[in-house]
Amino acid sequence: MAIDIKKFIARFVEESRDNIQKFDDGLSQLENDPNDKELINALFRAIHTIKGSSRMLKLTNVTDAAHKLEDVLDQLRSGDKAYSSALGEILQNSCDMIAGQIDDVHETGNASKPDAAIMKALDDILENETPTDETETQEEVEVAPEEVAAPEGGEEKELKLKTSDMVRVQRSKLDELIKLMGEVVSSHGRLHQRLKVVKNIERHYGQDGVTDLQKLHDFGRDLRDDVFHQQLLMEELHSKALIMRMLPLSVVFEPAARLVREVSRSLGKKVTCKIKGGEIELDRQMIDKLSDPMVHLIRNAVDHGLEASEERKAAGKSETGEIQISAQQDGGWVLVEVRDNGAGISLEAVKKKVLDKKLKTEEELEAMTDKQIINLIFLPGFSTSAMITDISGRGVGLDVVKRNILDDMQGRIDVDSKAGEGSVFQLRLPLSLAVMRILLVDVAGQSFGFTAQNIFSLIEVQTEDILLVAERKAITFHNEFVPLLDLAQLLGIERKEKENKKVQHIVVVQVQNEKIALGVDALNDELDMVIKPLPDHLLSLSLVAGMVMTGNNELISILHTPTLVDMAARQAGDRPSQELTNEGEDATGPTAHHVLVVDDSLNTREIEKSVLEAHGYQVTLAEDGQDGLNKAMRTSFDAVLTDVEMPIMDGFTLTKALRETDQYAHLPIIIITSRAKEADKRRGMEAGADAYIVKGDFEQNNLINTLQALLG
Amino acid sequence: MSDLDTSEISSINDILSAKQHNTNADVVDVDETLVKLVVFTLDKNWYAFPSENIKEVLSDIPVSVLPGCPASLEGVINVRGDIESVISLRSLLNYGSLTDTANSRILIGATEAMRSGIRVDTVEEIIAFSQTNIKAPPSTLPTHMVPIVTGAIQLKNHTVTILDLEKMFENYRDGLQG
């Protein structure tokens with residue numbers, strides 16, 4: 001395969017100049033705000049891209065300089081080094097030097113050696129680093145470009161190039177489209193005819209009274225037929241035009257497979273790559289955006305995911321690692337997976353890294369499930385590979401990957417991993433960004449839209465079934481308490497009149513694992529609509545994801561669900577007065593009873609906590625039976641409240657286990673669950689619970705009274 | 001016309017001296033070039049934008065409100081398939097809100113910084129004016145207007161204040177992001 005290297009050089013120069021510009025801008029901002037983490041990340045990304053691209057084009061002089069600069073930035077990012085204006089000057093010099101090299105590349109196709117004085121200055125900064133790291137880094141720089149042959153050097157570029165501005169369309173598809181256009185034109189001609197007819201009726205109106213009505217009637221019928229006909233044509237035209245933008249995933253998958261081979265060769269690993277579902281089609285817009293994240297995921301899988309051959313042999317696995325890239329259709333979604341059969345992500349390593357880098361505290365980690373901990377690898381500044389390598393860098397990437405998929409592609413990304421068996425990254429992507437399923441709702445006289453993928457459920461609730469816990473409204477839904485908020489109030493729209501309805505329409509939205517229930521006045525319609533972006537200067541308006549236009553030319557805001565959930569959380573947090581009194585009570589009443597609340601739903605935990613705290617109890621939370629049991633053993637609580645259905649250990653088992661200990665043999669244990677069946681109640685009592693409260697008829701007084709009675 | 005960099009101006013004196021400098025530059029530059037202006041009113045005061053920044057003038061079309069947007073932003077409109085924001089110039093220049101929108105117009109302004117609709121009370125005319133006849137802005141200008149005014153002309157019995165849309169939009173965009 002002959003690839004014109006010049007084309008790539010031109011692109012490299014263009015892209016690098018962009019990145020240098022970004023670097024320059026960022027650096028001058030850093031002067032003012034030297035602690036801005038996001039800014040340092042941006043600098044790092046810019047230089048990281050230059051390093052990667054130059055390496056592929058065998059511009060080793062640029063790679064060397066960029067790599068060194070990146071090392072320094074990494075120390076700045078991790079906080080090992082603090083920013084000073086002297087350091088800023090060296091960074092600026094280095095950037096200028098690389099800019100000069102890029103100019104060389106532009107003129108001669110190759111770069112000059114990096115300036116020795118500047119490289120020495122960078123080395124001096126790095127001096128604290130352990131020498132082994134240093135040599136390892138160097139080795140990679142030298143080895144990688146030599147092993148990668150020139151034609152393959154452009155591989156990653158190709159991944160992007162393939163999906164450039166040009167679209168290849170089958171002639172038959174284009175022919176169909178043109179035929180349809182012809183139909184539209186002739187249908188338009190018929191409308192002109194109708195116009196003549198109606199003018200004729202107008203002119204002769206009243207001259208022949210008997211037939212006027214008949215003529216109008218005929219006209220109306222014809223017009224209606226025309227409108228229907230036109231509508232069909234329009235819909236077909238729209239869908240045909242969109243299909244032309246659809247591309248098979250193989251456009252991304254095939255270069256990806258080559259990338260796997262290339263990366264594995266340069267790392268000296270034996271890897272096979274399997275591809276499934278390349279025939280599934282996605283909108284070109286999505287394909288464009290998919291290639292960057294795929295490159296990152298693949299590099300990660302080969303570099304961090306798969307073990308070295310010896311290690312695999314020792315673990316009794318085949319020496320050759322396997323990467324599986326697959327796609328499958330799932331309703332309106334496409335599920336893309338990048339799976340490796342490597343060592344899996346080590347929970348302990350993730351925890352350690354997160355603690356070392358101070359990304360989370362030990363208490364925060366304690367409250368997380370294993371899966372949540374694995375998903376911490378998407379945090380900025382994270383990397384699991386202990387050794388820094390030139391191939392996959394240092395974890396710049398996964399945070400970018402996540403942001404691309406969430407924000408640009410309206411999708412989701414998840415990672416799962418089993419020790420010894422490997423990891424899988426799952427991307428859930430909508431088929432197309434062009435047309436999305438939209439739910440339209442009315443609230444306080446205004447219309448708003450939600451994208452369907454964030455909607456968990458649409459329900460109606462009798463007003464009397466709405467719970468009031470700790471002054472907050474909530475509903476019980478699928479065995480958890482979900483806070484209920486009035487959408488108008490959340491958006492700050494004033495209601496003209498007080499609503500007094502028997503039935504409340506509710507949209508339950510979900511972001512990650514958080515659910516909130518939003519009260520609306522009416523569910524209006526559910527349509528496939530084209531989302532138009534807001535103008536650039538309004539992008540900071542995070543509440544609105546875009547606009548749709550209705551049939552009667554009205555513009556409607558599509559609400560950005562993650563922002564709504566954030567706002568709801570903030571509103572809930574805006575209760576300082578209550579918090580304060582609680583603390584006051586705690587301080588004055590050292591005899592306050594300490595209660596353990598065990599529930600796998602965060603919302604439920606929080607709601608129960610606020611009810612209890614409002615009544616002066618001290619509360620500790622646990623998220624499943626095992627967690628609860630561990631905490632109960634460590635601290636002595638006065639009472640335990642537990643849910644039934646929970647992962648790892650359910651509430652019945654927990655109750656039984658607690659009763660078997662001396663400490664909790666006689667203390668109050670209350671089961672709070674949505675299981676209302678008599679049999680369940682009996683099971684609860686048999687397990688040793690003192691009380692059994694069904695969430696459906698949950699009332700805060702009921703809980704408090706029960707608790708008080710039991711505590712005596 | 002020379003640049004008036006407001007970001008560096010901190011006091012009235014600075015502003016005045018910078019203004020002075022600006023005016024001098026105009027005097028030196030005695031080309032008989034014509035400046036095209038879009039003249040409009042706000043609360044019976046006459047203003048103008050250079051017409052090179054105004055892409056079109058739309059009669060009052062329904063504006064859709066955006067939740068969570070600043071008060072100076074009326075909302076958005078659909079202009080042939082593109083979403084454009086609508087800034088209330090009254091709110092930006094500290095006039096009260098407009099009650100009768102019958103004659104109201106939306107100017108579509110575009111500068112390097114951004115592109116947006118601008119709501120004005122009425123559009124009076126579009127004229128070409130000789131550069132030499134543009135005077136320095138009146139000294140009675142309220143302070144919040146000083147950075148965005150480049151000059152004034154006399155038109156029929158009215159003093160028309162010329163506004164710098166480039167600067168206005170730049171400030172507005174920065175305000176939104178900050």
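In the text below, chain A, chain B and the rest are named by the order of the sequence lines, each starting its count at 1. These numbers come from a predicted model, not from an experiment.
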Chain A contact via B:Ile77 - which portion, at a heavy-atom distance below 4.5 Å: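 The answer is the backbone of B:Ile77.
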Considering all heavy atoms, the nearest B:Pro67-A:Leu541 contact: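 So the two residues come closest at O-CD2, 4.1 Å.
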For A:Phe23, all residues meeting ring-ring contact (aromatic ring centres under 6.0 Å, His included), sequence neighbours excluded: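 With neighbours one apart ignored, the set is empty.
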For B:Phe40, all residues meeting ring-ring contact (aromatic ring centres under 6.0 Å, His included), sequence neighbours excluded: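 Testing B:Phe40 for ring-ring contact (aromatic ring centres under 6.0 Å, His included), a comparison that skips the adjacent residues, returns B:Phe49.
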Under 4.5 Å from a heavy atom of chain B, the part of A:Leu543 involved: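 For A:Leu543, the side chain is the part near chain B, not the backbone.
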Side chain / backbone / both / neither for A:Leu559 at chain B, heavy atoms under 4.5 Å: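 The side chain, not the backbone.
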Residue pairs involving residues 148-162 of chain B (criterion salt bridge (charged side-chain N to carboxylate O under 4.0 Å, His left out); sequence neighbours excluded):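 Matches after skipping sequence neighbours: B:Glu125-B:Lys156.
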All donor-acceptor atom pairs under 3.5 Å, backbone and side chain, chain B-chain A:
from, atom 1, to, atom 2, distance (Å)
B:Ser64, OG, A:Leu555, O, 3.3
B:Gly81, O, A:Lys532, NZ, 3.0
B:Ser85, OG, A:His537, NE2, 2.8

Side-chain heavy-atom pair B:Ile83, A:Pro535 within 4.5 angstrom cut-off: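 Result yes, sub-4.5 Å side-chain heavy-atom pair found.
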Max heavy-atom pair count under 4.5 Å with chain B, selected residue of A:Leu491, A:Leu538, A:Ile493: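 Most heavy-atom pairs under 4.5 Å with chain B: A:Leu538.
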